[in-house]
2 protein chains.
Amino acid sequence: MDLYYQKLEQFMETLDEETMRAVENVSVKKTFKKGDLLLEQGEICKYSFSLINGVARKFYYGQKKVITTEFYFAGDVALSFNSYLLQKPSEEVMECVTDLTVECISRDNFEKLKQSFPKLIAYDLLFTELYAAWLEERLFDFNVLSATERYRKLMHKSPQYFHQIKLTHIASYLGISLETLSRIRARI
Amino acid sequence: MDLYYQKLEQFMETLDEETMRAVENVSVKKTFKKGDLLLEQGEICKYSFSLINGVARKFYYGQKKVITTEFYFAGDVALSFNSYLLQKPSEEVMECVTDLTVECISRDNFEKLKQSFPKLIAYDLLFTELYAAWLEERLFDFNVLSATERYRKLMHKSPQYFHQIKLTHIASYLGISLETLSRIRARI
DNA sequence: CTGATTTTTTGACTTAGGTCAAAGGTAACT
DNA sequence: AGTTACCTTTGACCTAAGTCAAAAAATCAG
């Protein structure tokens, strides 16, 4: 994971002023209140949100339960992958867990910029690689780790999750019931 | 899923002769026997394998069980994502399920070509998007479908899996034990 | 500070799927 | 065809995690 971030950061350092400037010109700072939705179910994801501060989460409604697919913190980029890329209605919802400040870039603008600034295509690639690697790891976790191990790993790697986020959401992110999570915590 | 394939195909159609030719020049046709390994555990994944015919699979060793992460058929591109991108030793193994014919392209060559043929970067992006979308769907399946539902879905969407592939491998791909798979099949 | 609402914990019970062991099947080799 | 090795099915039992219900804790509004 970290190696993918490094790759991205290294790339950012080699990015020319001009390209940076062009991106900044199309990005708009916005603020949201806790509980606001960045993206509703059925809405097309037309923007990417780069978090400046605050916490957000992405989730969807399964038949029986709500599944949280991702949490976002400062520095992360929030979007619904499928909806953003295909510009079709989103199954996923994005919600502010706390008050939020973001830099907001419309996909249309960004795609246009890619024509004039081809480096942005390479950026897109790196970003997507990072996401795919993250998904691979998450899949790995579900396949080989027990509920307790997943909890331990999350707690160890990302303790920040446990400050602002309620246990219901953490449980739904770990793919376990709230009660099971509570029991795991009691046992440790 | 299909929409991502479409995007890729559309893109391929717009690809100029020159770029195509350049890629063909660095790709080498190879054949393998059933049981041969395309990539061993601990080896660095230096090649991508584009299947011409036959079936392959990718898997890794969990503590308790073997997990099959992907099957490849004619037209698919086989590689270990993490090892290929970071050029580090692979946890995953790629194995021929049947005799195999592939077009083999070294990553070094391909990366060099990307300098002179920037369209290949866009290709890479589309390919990675497809993979990420596929991973998202797989994660979805594990999160909301029962063992039986996962089996049904696979059987329905990809019946070709059940010809050449043994049940042990299908079970390990579906994330269930061989016995459970056998029982599901008996019940349907 | 108090009552109301939301979140988390605890308890009792259920269940999907796993494990271990043995028996049938199938294929492959001589 | 007969033997060996591998696959798959079946049976008996086990376990991690889920569900339902109620109590306890924390948070919030007035």
Side-chain angles (χ1 to χ4, degrees), chain A residues 33-36 54-55 57 59 61-68 71 95-99 138-155 159-188, chain B residues 33-36 54-55 57 59 61-68 71 95-99 138-155 159-188:
Chain A
K33 287 277 156 211
K34 175 174 176 175
D36 288 355
V55 183
R57 73 178 187 117
F59 65 93
Y61 298 96
Q63 304 99 308
K64 298 163 197 174
K65 51 182 176 176
V66 169
I67 286 119
T68 298
F71 290 107
E95 179 198 59
C96 301
V97 171
T98 64
D99 290 358
R138 197 159 149 75
L139 216 27
F140 171 89
D141 289 349
F142 280 113
N143 276 311
V144 311
L145 304 182
S146 69
T148 307
E149 288 167 329
R150 291 204 294 285
Y151 171 77
R152 278 234 182 78
K153 180 173 171 181
L154 183 68
M155 205 181 172
Q160 74 270 32
Y161 280 47
F162 295 91
H163 299 309
Q164 293 137 303
I165 302 175
K166 32 188 71 122
L167 293 182
T168 317
H169 297 154
I170 291 176
S172 95
Y173 177 74
L174 290 173
I176 61 186
S177 72
L178 173 61
E179 294 93 326
T180 299
L181 177 56
S182 179
R183 286 185 182 110
I184 288 169
R185 286 159 57 81
R187 239 182 281 135
I188 287 172
Chain B
K33 288 276 156 212
K34 176 175 173 174
D36 287 355
V55 183
R57 73 179 187 116
F59 65 92
Y61 298 96
Q63 305 97 307
K64 298 161 195 174
K65 51 182 177 178
V66 169
I67 285 120
T68 298
F71 291 108
E95 179 199 59
C96 301
V97 171
T98 64
D99 290 358
R138 198 161 150 73
L139 217 26
F140 171 89
D141 291 349
F142 280 113
N143 276 312
V144 310
L145 304 182
S146 68
T148 307
E149 289 167 329
R150 291 204 296 282
Y151 171 77
R152 279 233 181 79
K153 179 171 174 182
L154 183 67
M155 207 179 170
Q160 74 270 33
Y161 280 48
F162 294 91
H163 300 308
Q164 292 137 306
I165 302 176
K166 33 189 70 122
L167 294 182
T168 317
H169 296 154
I170 291 177
S172 93
Y173 177 73
L174 291 173
I176 60 185
S177 72
L178 173 61
E179 293 93 328
T180 297
L181 176 56
S182 179
R183 285 184 183 112
I184 288 170
R185 285 159 59 81
R187 239 182 280 136
I188 289 176

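In what follows, chains are A, B, ... by sequence order, proteins preceding strands, each numbered from 1. Computed from a prediction, not measured in an experiment: that's the story for all the values here. Keep in mind that the numbers below use all heavy atoms, side chains included, and drop hydrogens, waters and symmetry copies.
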Correct closest heavy-atom pair for F142(B) and L139(A) would be CD1-CD1, 3.7 Å
_Applying side-chain contact (heavy atoms from CB on, under 4.5 Å) to H169(A) and F71(A), what does each step give before you reach the verdict?_
CA-CA 9 Å; H169(A) 297 154; F71(A) 290 107; 4.0 Å; yes
Between L181(A) and L167(A), the two heavy atoms sitting closest are CD2-O, 3.5 Å
When rounded to whole Å, the CZ to C1' distance for the pair R185(A) and dT8(C) reads 9 Å
note: I67(A), atom CD1; dG18(D), atom P; distance rounded to Å ~ 12 Å
The reported gap from CZ in R152(A) to OG in S146(A) (rounded to nearest 0.5 angstrom) is 8.0 Å
In whole angstroms, the gap separating C1' of dT8(C) from NE2 of H169(A) amounts to 13 Å
Here the distance between atom P of dC13(C) and atom CD of E179(A), to the nearest Å, is 16 Å
Separation of dT8(C) atom P from I184(A) atom CD1, nearest Å, is 15 Å
Atom NZ of K64(B) and atom P of dA16(D) are separated, to the nearest Å, by 9 Å
L178(A) CG to dC20(D) P, in whole Å, measures 14 Å
Could you check, using the six-membered ring where one of them is a Trp, whether Y151(A) and F162(A) have ring centers closer than 6.0 angstrom?
yes
L174(B) CG to dA16(C) C1', in whole Å, measures 15 Å
Open item on the list: Check this one for me: any side-chain N or O of T168(B) less than 4.0 Å away from OP1 or OP2 of dC7(D)?
Closed with: no
Per atom distances to the R183(A) side chain, the nearest of dA17(D), dG18(C), dG18(D) is dG18(D)
Of the listed dA17(D), dT9(C), dT9(D), the closest approach to the T180(A) side chain comes from dA17(D)
The nucleotide from dG17(C), dT9(C), dT9(D) with an atom nearest the side chain of S182(B) is dT9(D)
Whichever of K34(B) and G175(B) has the more 5' nearest nucleotide on DNA chain C, that residue is G175(B)
| task | Determine the contact category for L181(B): base if any of its heavy atoms lies under 4.0 Å from a base atom, sugar-phosphate if only primed atoms, P, OP1 or OP2 are that close, otherwise nothing. | result | nothing
Of the listed dT8(D), dT19(D), dG17(C), the closest approach to the L167(B) side chain comes from dT8(D)
Side-chain atoms of T148(A) come closest, of dG18(C), dA17(D), dT8(C), to dA17(D)
Among dT8(D), dA17(D), dG18(C), the one nearest any side-chain atom of I176(B) is dG18(C)
